[in-house]
Number of protein chains: 2
Amino acid sequence: MESINLQHGSGGEKQTELLNNLIFKNLGNEFLDKKHDGAFLNISGKLAFSTDSFVVSPIFFKGGNIGELAVFGTVNDVSMCGAEPKYLSLSFIIEEGFSMEDFQKIINSIKIASEKAGVQIVTGDTKVVERGKGDKIYINTSGIGVIYENAKIGIEYIKPKQSIIINRDIASHGMAIMSEREGLKFDSEILSDTKNLNFEVKKLIENFGEKIHFLRDATRGGLASVLNEITSESNLGIHLFEDKILVEKQVKSACELLGLDPMYVANEGTFLCVCDDEIADEVLEILQRVNHHASKIGFITEEHAGKVIMESAFGGKRVVNPLIGEQLPRIC
Amino acid sequence: MESINLQHGSGGEKQTELLNNLIFKNLGNEFLDKKHDGAFLNISGKLAFSTDSFVVSPIFFKGGNIGELAVFGTVNDVSMCGAEPKYLSLSFIIEEGFSMEDFQKIINSIKIASEKAGVQIVTGDTKVVERGKGDKIYINTSGIGVIYENAKIGIEYIKPKQSIIINRDIASHGMAIMSEREGLKFDSEILSDTKNLNFEVKKLIENFGEKIHFLRDATRGGLASVLNEITSESNLGIHLFEDKILVEKQVKSACELLGLDPMYVANEGTFLCVCDDEIADEVLEILQRVNHHASKIGFITEEHAGKVIMESAFGGKRVVNPLIGEQLPRIC
């Protein structure tokens, strides 16, 4: 079976061949087709710009793969700025010997994912490194989006009494990856939540504009990390209701088996929204139409500034600390 | 000595610490300081967007390092669109065990390089992979620039009789890297040409606007590859004068020693400009103010469409073929 070799990254004919047969053929559009080192874009307004390198291992997992993740990850980061993602760059670092068939599968996933999210790949780069200097494939995507005119998203707009709403149950991406790595089997499979969130965000901003104050996807470090970032940057406190934070049964089992706290496990299609309390029920209703596990998990408070406090169903309280040290490497 | 470990890429407190102490502290600006996953930009006009992953080995070399290269490489790609580079994203893939001191040096180079080029790092990402799954550090930068109003750059504007001008002698970057790898010593050191080209481009567009038809830096694959791209995409021919293409003495020696043709060796601060013949002397004069090796190396022709022909000082002619196969891996 054919595989990627150093020639495919040398800037010569072999590279041109690879780009023409695989990348331009599958991902081509009016911008990419120019084959310039940069893309020429017509875009106006306030922009959001974001980048992420994806090093997830394994590269194929239940519910997704590194290609899909690379598209949706950046689409989501741009979305969380209150922006409509428009254009992506795409850059590969491939290890010599990587299977051409797997590369094709990944390109195909990138194609489908970008169509699904309504974004265009407009510029790219391919590098090949020697065997043992990489791990199959790493992908960087950077994204540009146009900020919605009525969006006003920022940690500085977070104030006491605002509600915190999450769009679904947590920890499935991290546990899908870990189950794959550890070879765990459950009654029902754990699927990664890898998903584009741009259309949910669009709906929220369209409906509620400036009443949506903050958006963030709970990726590396999980929900706990995002919440701690909020309290640390805003110098406010967060009060959580433990029984409102949902974890699917098989995900919970996997966490217990591996001694992991789902609050710190990475997600890929899970985001939280901080909004005025008066619209919380409506926000929830909109998000529940997509996933019935959407939930109002807590609120912002002046009390215990800088801390995230979780209240259990029985009224007990505990601090949710920031993640210290490594939990799950190469989860995204 | 302290080194990077997997915790620095986990999304937890160790990562926050690294980002605060090293990245935000050195590269901070109004955009990056927001510490959001994406940056909010105010920008208008037609934009250029480009991306590159840098995997150069060794990461430190005479005349530059991977950090500087990552900034200037993308600054140049954006410039070659006829645009003024404004904002960069910055994404690291670091191998576990990488020296913290070297990382600091690289961050410092990135700081200096971005100041020199007048661009801001506005968003970023840091991933850490296990030992043996990377090679010290890989860096991706993506860049956004604003296309000059009077620029009209594109392969479609290339026509017969236009002049081809290069801003300096060739092959020094590739040979600086190779000398480092092979431990070659020469009377005078070979320095990489790593350099930002945005100010030269600005001057050309300001002075000559639509009379500049095409710009391209001759990176991977060298000058021969760029020229062959032009002939292949435009379906025109190129006529070169061998004695106008300068190679410094020690670079030539190194090429001979390693059996390499300088026409195919990578550059990092070398670009060519295709312009109307009537302005060729003025373009040359402007470029020679920066580097006296700037030279008019040839012209576009209807003859031998799709081919690059080089005429020697003695009138002999040969075809400069596209690069086939690998010449120098991990040169950028």
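Just so we're on the same page: letters track the sequence lines, and every chain starts at 1.
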Honestly, the part of E233(B) sitting under 4.5 Å from a heavy atom of chain A is side chain
Counting heavy-atom pairs under 4.5 angstrom with chain A, the leader among G82(B), G222(B), G124(B) is G124(B)
- Task: Could you walk me through whether D125(A) and R220(B) pass the salt bridge (Lys or Arg N to Asp or Glu O under 4.0 Å) test, one step at a time?
- Result: CA-CA 11 Å; D125(A) 180 46; R220(B) 263 186 303 179; 2.8 Å; yes
Can a donor-acceptor pair be found, under 3.5 Å and without considering hydrogens, that links the side chain of R330(A) to the backbone of V129(B)? no
Pair count under 4.5 Å, heavy atoms only, with chain B: among S50(A), S225(A), A48(A), A224(A), highest is S50(A)
Turns out that what part of I93(A) lies under 4.5 Å from chain B's heavy atoms comes down to side chain
Can K46(B) be said to sit on top of F40(A)'s aromatic six-ring, NZ or CZ under 6.0 Å from centre and within 45° of the ring axis? no
d(E229(A) CD, D37(B) CG) to nearest 0.5 Å is 7.0 Å
Of the listed E95(B), Q15(B), E17(B), the one with the largest count of heavy-atom pairs under 4.5 Å with chain A is Q15(B)
Looking only at L90(A), V55(A), N76(A), most heavy-atom pairs under 4.5 Å shared with chain B are made by V55(A)
Any heavy-atom pair between the side chains of I144(A) and I144(B) that's under 4.5 Å? yes
How about S91(B) and S53(A): does a side-chain donor come under 3.5 Å of a side-chain acceptor?
yes
Whatever's closer than 4.5 Å to a heavy atom in chain A on S232(B) counts as neither
Honestly, the part of I43(B) sitting under 4.5 Å from a heavy atom of chain A is both
Whatever's closer than 4.5 Å to a heavy atom in chain A on I139(B) counts as neither
NE2 (H36(A)) and CD1 (I155(B)) are apart, to the nearest 0.5 Å, by 7.5 Å
Given E156(A), E130(A), H8(A), the one with more heavy-atom pairs under 4.5 angstrom with chain B than any other is E130(A)
Most heavy-atom pairs under 4.5 Å with chain B, out of S57(A), C332(A), S89(A), belong to S89(A)
From the list G38(B), G143(B), G9(B), C81(B), the residue making the most non-hydrogen contacts under 4.5 Å with chain A is C81(B)
Assert top hit (heavy-atom pairs under 4.5 Å, partner chain A, pool N228(B), N140(B), D77(B), V128(B)) equals N140(B)
Closest heavy-atom pair, T123(A) versus F49(B), reported as atoms and distance to 0.1 Å, is CG2-O, 3.5 Å
Greatest number of non-hydrogen atom pairs under 4.5 angstrom with chain B, of G154(A), S142(A), P322(A), falls to S142(A)
Assert top hit (heavy-atom pairs under 4.5 Å, partner chain B, pool N42(A), L41(A), D135(A)) equals L41(A)
If one checks every heavy atom of K136(B) against chain A at 4.5 Å, the contacting part turns out to be neither
Q | Any side-chain heavy-atom pair of D52(A) and K127(B) under 4.5 Å | A | yes
